[in-house]
Amino acid sequence: MTRITSVSLRRILESRGNPTVEADVLTESGGFGRAAAPSGASTGEFEAIELPPTEAIASAREHAIPRLEGLFAGDQRSVDGALRAADGTEDFSAIGANSAVAISMAAAKAAADVLGAPLYQHLGGAFRGDNFPTPLGNVIGGGEHAKEATHIQEFLAAPVGAPSVAEAVFANATVHGTVADILDERGVPAAKGDEGAWAPPISDAEAFEVVEEAVERVEDEVGFEVRFGLDVAAAELYDADEEVYVYGDETKSADEQVEYIAELVDEYDLAYVEDPFDENDYEAFTALTERVGDRTLVCGDDLFVTNVKRLQKGIDMDAANSILIKPNQIGTLSDTFDAVELAHRNEMECAISHRSGETEDTTIAHLAVATDAAFIKTGSVGGERTAKLNELIRIADDAV
Ligand SMILES: C=C(OP(=O)(O)O)C(=O)O
Ligand SMILES: [Mg+2]
């Protein structure tokens with residue numbers, strides 16, 4: 001039986017050294033699931049609320065856990081419905097999206113454990129298919145993830161021609177290493193940012209040169225197509241009072257930003273552009289998608305925050321052709337699956353994503369396979385990133 005007998009919550013460390021929430025779910029028959037909430041730095045204005053972990057844990061213990069005991073762990077909709085009922089708000093501001101997502105994911109893992117099935121199979125079903133996501137690997141980063149580095153938050157290797165998950169994962173790590181070589185050749189010192197990407201003190205223009213060269217070298221080495229993409233995280237660059245994007249001493253209006261990004265797509269043959277505009281500017285997303293949506297993925301992260309209402313508005317406006325999916329932006333696996341399903345029904349691609357503050361939790365690797373997502377964004381090196389990438393390799397090994 002998969003009835004939940006206990007849920008325990010604790011504070012553990014995430015990769016930036018801050019506390020986050022971990023949940024353990026136990027079932028009657030001994031099924032066990034453990035999951036931890038990640039934590040963002042460049043968070044979207046419309047995300048579900050992450051409470052300070054001590055507060056989130058105390059509130060979930062008081063309001064949510066009594067409702068969860070006795071439910072079937074495998075009945076994810078009931079578990080997530082109980083979390084929503086316990087919270088009583090739209091944005092999980094009562095028990096915290098961090099408590100909610102940790103419990104939701106831990107319940108799924110406990111159910112998989114009872115079934116003796118891997119999580120991706122429990123969530124995706126027996127007829128899931130045999131597609132695997134392409135990993136987007138952060139190789140140079142700045143913005144909110146590293147001071148004194150690029151304005152654009154993430155330069156992402158995209159090994160779109162890789163014949164297997166493992167080759168794609170290794171290609172991204174090789175791009176990361178090659179970027180280090182090129183920076184070294186240029187005499188540029190480089191520390192690492194929050195997600196393990198290099199955070200060199202160079203301009204965005206120089207970062208484009210470096211990543212382009214790295215991708216070309218690696219493409220020659222591996223013999224399949226490797227492109228790159230961006231997470232501009234433009235909401236962090238946007239000055240709402242002046243209505244401009246601020247790149248150091250330079251500013252760009254929304255129209256100029258559309259022009260700039262469209263030019264970058266063509267100049268660098270970008271495979272992917274995430275959050276090129278502020279999260280309130282659906283119109284600019286629509287303008288860019290109309291211009292370059294036939295040759296690149298225009299992806300909404302802070303724009304959609306894994307929220308079906310915001311996604312539906314984007315669909316109605318043709319604002320993007322892909323969505324970033326982060327379970328902790330919305331708080332439960334059920335809500336996460338709803339967003340993926342809505343996107344897929346509307347022929348949008350999904351990229352399942354980590355947060356900049358991560359743990360060794362590997363749930364998103366399973367989620368990406370279970371949902372048949374085209375992409376997974378989870379860094380390219382670093383323990384909390386390789387935990388997911390290595391799990392993806394294991395899943396691919398297991399599934400064939
Ligand atoms: C992973 C990201 O960063 P954060 O977790 O800081 O929001 C992102 O913006 O896509
Ligand atoms: Mg983003």
Side-chain angles (χ1 to χ4, degrees), residues 14-18 20 36-50 97-98 101 133 135-147 149-158 172 192-197 199 228-238 245 261 270 272-281 285 297-307 310-311 314 319-320 322-331 336 339 349-359 361 363-365 367-368 373 375-382 384-385 387-389:
E14 49 90 291
S15 53
R16 267 190 285 259
N18 298 320
T20 190
S39 176
S42 66
T43 46
E45 187 182 331
F46 303 101
E47 288 192 24
I49 304 296
E50 176 187 319
N98 37 352
V101 82
L136 298 168
N138 193 355
V139 293
I140 288 188
E144 290 297 299
H145 296 168
K147 298 285 172 236
T150 53
H151 297 293
I152 291 176
Q153 181 179 281
E154 298 167 25
F155 289 76
L156 299 152
N172 282 354
K192 284 182 185 170
D194 287 349
E195 295 179 353
F228 72 104
L230 308 173
D231 179 2
V232 183
E236 305 294 340
L237 303 175
Y238 192 60
Y245 295 91
I261 302 292
L270 298 179
Y272 175 90
V273 185
E274 180 183 324
D275 280 353
F277 309 104
D278 181 62
E279 57 220 324
N280 292 295
D281 196 352
F285 272 86
L297 289 173
V298 178
C299 183
D301 168 16
D302 294 346
L303 180 71
F304 295 139
V305 291
T306 318
N307 179 315
R310 293 190 62 85
L311 175 58
S322 60
I323 176 173
L324 203 74
I325 297 287
K326 292 167 166 170
N328 81 321
Q329 279 182 329
I330 193 70
T336 303
E349 302 287 16
C350 293
I352 311 293
S353 175
H354 66 166
R355 301 307 305 248
S356 47
E358 269 294 343
T359 69
D361 187 283
T363 308
I364 60 166
L367 203 54
F375 296 93
I376 181 169
K377 186 174 90 157
T378 186
S380 35
V381 295
E384 71 283 359
R385 317 292 153 184
K388 283 100 171 139
L389 296 168

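All of these numbers come straight from a predicted model, not from anything done at the bench. Order of appearance sets the numbers: ligands from 1, and atoms from 1 within every ligand.
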Trainee: Atoms of ligand 1 less than 4.0 Å from Asp301 heavy atoms?
Mentor: 8 (C), 9 (O), 10 (O)

Trainee: If you count the atoms of ligand 1 from 1 in the order shown, which ones are under 4.0 Å from a heavy atom of His354?
Mentor: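 This gives 1 (C) as the contact atoms.
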
Trainee: Relative to the heavy atoms of Lys377, which atoms of ligand 1 are at a distance of less than 4.0 Å?
Mentor: 8 (C), 10 (O)

Trainee: State the atoms of ligand 1, each with its element, that fall below the 4.0 Å cut-off from a heavy-atom position in Leu324.
Mentor: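 This gives 10 (O) as the contact atoms.
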
Trainee: Between Arg355 and Glu47, is there a side-chain N and carboxylate O pair less than 4.0 Å apart?
Mentor: yes

Trainee: With heavy-atom distances below 4.5 Å as the criterion, would you say the side chains of Thr336 and Ile325 are in contact?
Mentor: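 A side-chain contact exists here, since the closest heavy-atom pair is under 4.5 Å.
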
Trainee: Among all protein non-hydrogen atoms, which one is nearest to atom 8 (C) of ligand 1, and what is the separation to 0.1 Å?
Mentor: Lys326 NZ, 3.1 Å

Trainee: Determine whether the side chain, the backbone, both or neither of Asp275 has a heavy atom under 4.0 Å from any heavy atom of ligand 1.
Mentor: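 Neither part.
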
Trainee: Sub-3.5 Å donor-acceptor pair from the side chain of Ser356 to the main-chain atoms of Glu195, do we have one?
Mentor: no

Trainee: Can you name the atoms of ligand 1, numbered from 1 with element, that are less than 4.0 Å from a heavy atom of Asp231?
Mentor: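 Matching atoms, with element in brackets: 8 (C), 9 (O), 10 (O).
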
Trainee: Keeping the roles fixed (side chain from Asn328, backbone from Pro38), state whether a donor-acceptor pair exists under 3.5 Å.
Mentor: yes

Trainee: Can you check the angle at the Mg ion (ligand 2) formed by OD2 of Asp231 and OE2 of Glu274? Round it to the nearest 10°.
Mentor: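 Centred on the Mg ion (ligand 2), the OD2/OE2 angle is 80° (to 10°).
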
Trainee: Mind checking whether Asp302 contacts ligand 1 via backbone (N, CA, C, O), side chain (CB onward), both or neither, at a 4.0 Å heavy-atom cut-off?
Mentor: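 Neither part.
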
Trainee: Which of the atoms of ligand 1 are close to Gln153, meaning less than 4.0 Å from one of its heavy atoms?
Mentor: 2 (C), 3 (O), 8 (C), 9 (O)

Trainee: For atom 7 (O) of ligand 1, which protein heavy atom lies nearest, and how many Å away is it?
Mentor: Arg355 NH2, 2.7 Å

Trainee: Taking only heavy atoms of His145, which atoms of ligand 1 are found under 4.0 Å from at least one of them?
Mentor: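 Checking each atom against His145, I get 2 (C), 3 (O), 4 (P), 6 (O).
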
Trainee: How is the N/O/S atom of Asp301 that comes nearest to the Mg ion (ligand 2) named?
Mentor: OD2

Trainee: Please identify which atoms of ligand 1 are closer than 4.0 Å to at least one heavy atom of Gly40.
Mentor: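 The atoms of ligand 1 under 4.0 Å from a heavy atom of Gly40 are 4 (P), 5 (O), 6 (O).
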
Trainee: Quick check: does Ser353 get an N/O under 3.5 Å from an N/O on ligand 1?
Mentor: no

Trainee: How about Asp275 and Gln153: does a side-chain donor come under 3.5 Å of a side-chain acceptor?
Mentor: no

Trainee: Look only at the side chain of Thr306 and the backbone of Lys326, and say whether a donor-acceptor pair between them is shorter than 3.5 Å.
Mentor: yes

Trainee: Considering non-hydrogen atoms of the protein only, which is the closest contact for atom 1 (C) of ligand 1, and what is the distance?
Mentor: Glu195 OE2, 3.3 Å

Trainee: Ignoring hydrogens and angles, tell me if any N or O in the side chain of Ser322 forms a donor-acceptor pair with the backbone of Cys350 under 3.5 Å.
Mentor: no

Trainee: Considering all heavy atoms of both residues, which atom of His145 and which atom of Ala41 are nearest to each other, and what is their separation?
Mentor: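 Where His145 meets Ala41 most closely, the heavy atoms are CD2-CB, 4.1 Å.
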
Trainee: Does Ala233 have a heavy atom less than 4.0 Å from any atom of ligand 1?
Mentor: no

Trainee: Counting distance only, does the side-chain N/O of Asp361 pair as donor-acceptor with the main-chain N or O of Ala36 below 3.5 Å?
Mentor: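 Side chain of Asp361 to backbone of Ala36, a donor-acceptor pair under 3.5 Å: yes, one is there.
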
Trainee: Which option, Gly379, Ser356, Gly357, Gly141, owns the non-hydrogen atom nearest atom 6 (O) of ligand 1?
Mentor: Ser356

Trainee: Nearest 0.5 angstrom please: Asp302 CG to Tyr238 OH, how far?
Mentor: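 Interatomic distance, Asp302 CG to Tyr238 OH, rounded to 0.5 Å: 14.5 Å.
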
Trainee: Does the pair Glu154/Lys377 count as a salt bridge with the N-to-O cut at 4.0 Å?
Mentor: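 Result for this pair is yes, salt bridge flagged.
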
Trainee: Please check if the side chain of Arg310 supplies one atom and the backbone of Phe46 the other of a donor-acceptor pair under 3.5 Å.
Mentor: no

Trainee: Would you kindly specify which portion of Glu144 sits under 4.0 Å from ligand 1, judged on non-hydrogen atoms: side chain, backbone, both or neither?
Mentor: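 No part of Glu144 is near ligand 1 at this cut-off.
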
